[in-house]
Amino acid sequence: KTDQDPSQDFIFRSKLPDISIPNHLPLTEYVFSGHRDGDSTTKCLIDGATGRVFTYADVQITLRRIAAGIYGMGIRHGDTVMLLLPNSPEFALSFLAVVHLGAVSTSANPLFTQTEIAKQAKASAVKMIITKSCHVHKLTNLQQLGVVIVCVDDGNDVVSLADGCVSFRELTQADETKLPKPQISPEDTVSIPYSSGTTGLPKGVMITHKGLVTSISQKVDGENPNLNFTRDDVIICFLPMFHTFTHSSLMLSAMRTGAAFLILPRFELNLVMELIQRYKVTVVPVAPPVVLAFVKSLETEKYDLSSVRMMLSGAATLKKELEDAVRLKLPNAIFGQSYGMTEAGTVANSLAFAKSPFKTKSGSCGTVIRNAEMKVVDTISGVSLPRNKPGEICIRGDQLMKGYLNDPIATVRTIDKDGWLHTGDIGFVDEDDEIFIVDRLKELIKFKGYQVAPAELEALLISHPCIKDAAVVAMKDEIAGEVPVACVVKSEGSKLTEEDVKNYVNKQVVHYKRIKMVLFVKSIPKSASGKLLRKVLRAKL
Ligand code: ATP
Ligand code: MG
């Protein structure tokens with residue numbers, strides 16, 4: 001890195017003016033400050049599996065009761081509680097209760113193995129785990145160490161409470177007046193979400209009340225909110241709630257604005273479309289694998305999807321080709337992207353989602369959020385770059401994490417002394433302030449002196465009608481160092497050959513981006529949060 005004078009940096013900011021952000025408030029106070037407790041008509045949570053509804057009044061009283069119940073079980077300010085739950089209203093209520101109390105929430109994929117759960121639980125010294133009875137067998141060792149296990153599905157006719165577990169229902173009936181007024185300071189940790197583990201091991205990330213309030217406010221507050229959710233919206237949620245994009249970015253934004261959050265236990269395209277039709281869903285947050293399934297589905301026309309006014313994609317690169325294909329299927333909806341990471345919350349959002357929207361381009365992941373600064377730096381020299389020059393995206397503002405859990409070295413490597421968080425993503429800002437992600441720095445293929453972005457080749461591959469899905473990874477090569485190899489999933493019944501694939505792509509790209517080999521595979525490995533796991537394919541090669 002060079003000693004370039006920081007005042008000479010090219011700094012990018014939102015086109016929306018900065019606003020005053022009440023980030024001195026504890027999270028739940030901020031989220032519900034616009035709703036009076038008595039709001040017993042507006043729907044807050046809808047359980048897509050059962051049709052159960054929780055109004056804003058229900059949610060606020062229930063979260064306080066659960067907080068009192070958890071307090072009664074000995075959980076105090078600063079203690080960590082793990083949510084090991086599928087998408088459900090219980091996830092939402094538990095999260096809110098834990099953070100309301102001043103305790104810290106950490107969430108994990110309920111499908112994790114005993115070892116994976118224990119690792120995360122021990123790293124953050126978890127004192128309580130809220131889960132379903134079917135996962136209790138994976139928690140016996142933790143239970144022996146004194147961790148309290150709460151089950152959400154106990155006490156009904158089907159499932160009886162597992163040995164030594166606490167009933168969630170009991171917690172929801174606790175006396176909320178027994179909860180002492182929480183003393184929360186803005187710098188307190190509110191949650192420890194884990195990164196997706198796309199490039200390495202998942203990392204625990206410490207988020208503060210101040211950081212999370214800032215991040216939500218940057219999206220949904222102000223006279224012209226960047227992400228215009230309203231009381232009339234029904235937002236469908238099938239992306240995994242244990243991921244921070246879903247429970248922090250989407251759910252809390254919905255609650256701050258008074259929208260309804262319709263929760264589905266998992267993604268199943270036809271069920272999603274049926275529920276969109278039944279509940280007149282207006283906002284559909286997606287990840288690229290969902291977009292791909294939607295675009296390639298032959299059944300979308302069977303459903304009335306006309307209530308959808310906004311489809312928002314995040315989590316991984318989505319190129320112009322696929323975006324354009326969605327627009328054809330949903331001509332009346334605004335389609336746009338949101339770009340973020342566990343460590344920094346939302347970094348950019350499409351301004352097409354603003355209350356007074358801006359014209360935006362296909363393939364862009366949005367414009368940097370307000371009350372923040374962004375720059376793009378050369379990956380070798382560290383010098384900041386002007387518009388249209390790709391480099392590593394860096395972001396600065398109050399929304400950033402406090403640091404990685406138990407890893408101060410990784411923290412200082414990621415957030416530099418001037419407060420810039422280095423995202424590890426390569427992108428550029430165009431003349432209209434729109435950000436385009438090229439790919440992850442770690443996953444660029446180095447062909448001799450050239451850099452090849454796998455995402456660009458993947459976008460070309462999936463635009464082929466006989467290709468259902470694809471991923472591109474580097475393979476070691478004696479002469480070039482690395483060469484691009486394509487892993488391709490053929491559409492049913494297609495007779496596509498390796499030569500067909502190479503011809504299709506290679507005539508559209510410069511010589512060093514040409515695909516050297518094609519492997520036909522049954523499926524492309526993806527993480528629960530919708531990311532392409534190229535590391536898995538690389539390991540196979
Ligand atoms: P790990 O850091 O553990 O390897 P991860 O980076 O995938 O995993 P997350 O924090 O869940 O973990 O994801 C953030 C990353 O997701 C970003 O750094 C970026 O690479 C990618 N991403 C998110 N949104 C977008 C988007 N709209 N376009 C392109 N990439 C995106
Ligand atoms: Mg990451």
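Atoms within each ligand, like the ligands themselves, are counted from 1 in listed order.
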Using a 4.0 Å cut-off to any heavy atom of [X], which atoms of ligand 1 qualify?
{"X": "His243", "answer": "11 (O)"}
{"X": "Arg440", "answer": "5 (P), 6 (O), 7 (O), 15 (C), 16 (O), 20 (O), 21 (C)"}
{"X": "Gln337", "answer": "26 (C), 27 (N), 28 (N)"}
{"X": "Thr342", "answer": "9 (P), 10 (O), 11 (O)"}

Review point. For the ring pair Phe91 and His247, is the centre-to-centre distance below 6.0 Å?
Key: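 So the answer is yes for these two rings.
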
Practice item. Say whether, by atom type as modelled, one donor and one acceptor occur between the side chain of Ser529 and the main chain of Ser196 under 3.5 angstrom. Key: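 No; judged by distance alone, with no hydrogens or angles, the pair does not exist.
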
Salt bridge check, [Y] against [X]: does any charged N sit closer than 4.0 Å to a carboxylate O?
{"X": "Lys526", "Y": "Asp469", "answer": "yes"}
{"X": "Lys389", "Y": "Asp378", "answer": "no"}
{"X": "Asp433", "Y": "Arg387", "answer": "yes"}

Check your understanding: Hey, does the Lys NZ or Arg CZ of Lys203 hover above the aromatic six-ring of Tyr194, less than 6.0 Å from the centre and inside 45° of the axis?
Key ->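 No cation-pi geometry.
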
What part of [X], side chain from CB on, backbone N/CA/C/O, both or neither, has a heavy atom under 4.0 Å from ligand 1?
{"X": "Ser338", "answer": "backbone"}
{"X": "Asp425", "answer": "side chain"}
{"X": "Ser196", "answer": "both"}

Point to revise | Protein contact to atom 7 (O) of ligand 1 [nearest heavy atom, distance to 0.1 Å] | key: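 Sorting protein heavy atoms by distance from atom 7 (O) of ligand 1 puts Thr198 OG1, 2.5 Å first.
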
**Study point:** Shortest protein heavy-atom distance from atom 22 (N) of ligand 1, along with the residue and atom involved
**Key:**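 Looking only at protein heavy atoms, the one closest to atom 22 (N) of ligand 1 is Ala315 O, 3.2 Å.
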
Taking only non-hydrogen atoms of [X], do any sit less than 4.0 angstrom from ligand 1?
{"X": "Ala316", "answer": "yes"}
{"X": "Lys442", "answer": "no"}
{"X": "Gly340", "answer": "yes"}

So is [X] polar-close to ligand 1, meaning N/O to N/O under 3.5 Å?
{"X": "Ile437", "value": "no"}
{"X": "Gly314", "value": "no"}
{"X": "Thr199", "value": "yes"}

Practice item. Check each of Lys203, Met341, Lys531 against atom 16 (O) of ligand 1 and report the one with the nearest heavy atom. Key: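 Ranked by closest heavy atom to atom 16 (O) of ligand 1, first place is Lys531.
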
Check your understanding: Within a reach of under 6.0 Å around NZ of Lys320, are more than 12 heavy atoms found that belong to other residues, nucleotides or ligands?
Key ->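 No, because the 6.0 Å sphere around NZ of Lys320 holds 12 heavy atoms or fewer from other groups.
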
Practice item. Check the angle between the aromatic planes of Phe238 and Phe267 and answer parallel, tilted or perpendicular using the 30° and 60° thresholds. Key: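 Rings of Phe238 and Phe267: tilted, 30 to 60°.
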
Practice item. I would like to know whether Val31 and Thr28 meet side-chain contact (heavy atoms from CB on, under 4.5 Å); could you show each step before the answer? Key: CA-CA 5 Å; Val31 167; Thr28 50; 5.6 Å; no

**Study point:** Val286/Leu239 under side-chain contact (heavy atoms from CB on, under 4.5 Å): CA gap, chis, key distance, verdict
**Key:** CA-CA 7 Å; Val286 292; Leu239 298 175; 5.5 Å; no

